[in-house]
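The structure under discussion appears below in the form of structure tokens.
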Amino acid sequence: ILNYLQDCSTLQSEDIGLGIEYLKKTRHAWWLSSWQIIIDRYPVLGEEIVISTWPYDFKGIYAYRNFTIQDKAGNYLVRANSIWFFYDLEAERPARIRLEDVERYGTGEERLDMEYAPRRITVPEEYEEKEPVLVMKHHLDTSHHVNNAQYVEIVREFLPEHFQIGEMRVEYKKAAVLGDVMYPRISRITEGYVASLCDEEGKPHAVIWLAEKR
């Protein structure tokens, strides 16, 4: 599901001429700050689905983008919200969004009707440490950072086999790169689990909140 959503936004940017080559030329990038994904129903093998995405707001350095996955009848399988920030690769700091970087996306779309959660995730004080994870080439994206979906894949390895995700939130803190070692910390909560993938000093690269599907 994560890969479908990420690919959908990438393809939209490519279609309107604001994709990877444009960003390389202007020396900017979009970094993902957070996900919130609600799974109403999992798609089944062979089912035809429709994946959609649209940005609904731009403020300062931030862009706000919704996603949906629907079945052929138009019923929601997945509803999602994401927050991104614009980054100046030359100055190595967040940058205010310029009109030329977003005007082709349009701004007339309405925000998806869903219950929006806060971007920040509360991390419990008690946790169980898991085996460290070495960042390897297959974890990386085109920016040579760990791909956003890979943090979730890593955490899924530490969940019980029967645990099915019904809602997920991810707060991205600091990009991990090739050769980094991430130290998983897993906490049990009422809804499910909170997982932090930390550096050797205990500072998180990503925090993931997972609620069990009911």
Side-chain angles (χ1 to χ4, degrees), residues 1-10 29-45 67 69 77-85 87 89 92 94 117-214:
I1 288 171
L2 268 171
N3 286 331
Y4 280 149
L5 302 187
Q6 289 187 161
D7 286 350
C8 189
S9 61
T10 298
W30 289 104
W31 296 151
L32 186 57
S33 178
S34 67
W35 271 120
Q36 180 191 4
I37 299 173
I38 299 170
I39 300 171
D40 297 300
R41 176 174 72 79
Y42 278 91
V44 298
L45 182 64
F67 296 81
I69 297 179
L77 278 67
V78 175
R79 294 167 291 149
N81 186 52
S82 60
I83 302 174
W84 306 70
F85 66 93
Y87 193 81
L89 295 171
E92 296 186 343
R119 179 174 64 89
R120 296 195 178 278
I121 298 170
T122 301
V123 179
E125 293 184 4
E126 295 185 4
Y127 57 84
E128 181 182 353
E129 292 186 351
K130 298 294 186 178
E131 287 295 317
V133 177
L134 174 65
V135 175
M136 304 180 73
K137 289 181 181 178
H138 70 269
H139 292 124
L140 305 181
D141 59 18
T142 55
S143 300
H144 307 291
H145 297 155
V146 171
N147 181 277
N148 298 315
Q150 285 292 326
Y151 294 101
V152 179
E153 283 296 292
I154 289 168
V155 166
R156 284 181 65 201
E157 294 292 330
F158 303 111
L159 300 179
E161 187 175 347
H162 61 82
F163 185 85
Q164 188 177 48
I165 299 168
E167 183 174 352
M168 182 188 72
R169 294 161 54 202
V170 186
E171 182 184 356
Y172 297 99
K173 298 277 198 176
K174 182 180 69 171
V177 298
L178 185 66
D180 281 348
V181 177
M182 293 190 287
Y183 299 84
R185 298 177 174 182
I186 312 295
S187 302
R188 193 73 167 97
I189 59 172
T190 303
E191 299 88 351
Y193 293 90
V194 171
S196 299
L197 295 173
C198 301
D199 62 17
E200 60 184 6
E201 296 178 352
K203 297 178 180 178
H205 291 284
V207 180
I208 302 170
W209 179 93
L210 301 157
E212 189 166 16
K213 188 158 183 59
R214 302 300 181 184

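Count residues from 1 along the sequence.
- Partners of Y193 according to the side chain to side chain donor-acceptor pair (under 3.5 Å) rule, which considers only residues two or more places apart in sequence or in another chain, are R188.
- The CD atom of E129 lies 11.5 Å from the OG atom of S196; values are rounded to the nearest 0.5 Å.
- Residues L210 and V194 fail the side-chain proximity criterion, which asks for heavy atoms closer than 4.5 Å.
- When all heavy atoms of E212 and F163 are compared, the closest pair comes out as CB-CE1, 3.4 Å.
- Applying the side-chain hydrogen bond (donor to acceptor under 3.5 Å, both in side chains) test to pairs two or more places apart or on separate chains, those with a residue in residues 166-182 are Q36-E167, R120-E171, E171-K173, K174-D199.
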Donor-acceptor contacts, no H, no angles, side chain residues 143-150, under 3.5 Å, sequence neighbours left out:
unit_1 : atom_1 : unit_2 : atom_2 : d
N147   : OD1    : Q6     : NE2    : 3.4
N147   : OD1    : A149   : N      : 2.8

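- Residues passing the side chain to side chain donor-acceptor pair (under 3.5 Å) test with S187, sequence neighbours excluded: none.
- Residues passing the salt bridge (charged side-chain N to carboxylate O under 4.0 Å, His left out) test with E201 are K203, sequence neighbours excluded.
- No more than 12 heavy atoms of other residues, nucleotides or ligands shown are found within 6.0 angstrom of OH on Y4.
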* Evaluation steps, side chain to side chain contact (heavy atoms under 4.5 Å, CB included), between V170 and W209 -> CA-CA 6 Å; V170 186; W209 179 93; over 6 Å; no

* Check the pair F67, S82 against side chain to side chain contact (heavy atoms under 4.5 Å, CB included), reporting the backbone distance first and the verdict last. => CA-CA 8 Å; F67 296 81; S82 60; 3.3 Å; yes

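- For Y127, there are no ring-ring contact (aromatic ring centres under 6.0 Å, His included) partners two or more places apart in sequence or in a different chain.
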* Asked: K137 and H139: side chain to side chain contact (heavy atoms under 4.5 Å, CB included), yes or no, with the steps?
  -> CA-CA 5 Å; K137 289 181 181 178; H139 292 124; over 6 Å; no

* To do: Go through V152 and I154 one step at a time and tell me if the side chain to side chain contact (heavy atoms under 4.5 Å, CB included) criterion holds.
  => CA-CA 5 Å; V152 179; I154 289 168; over 6 Å; no

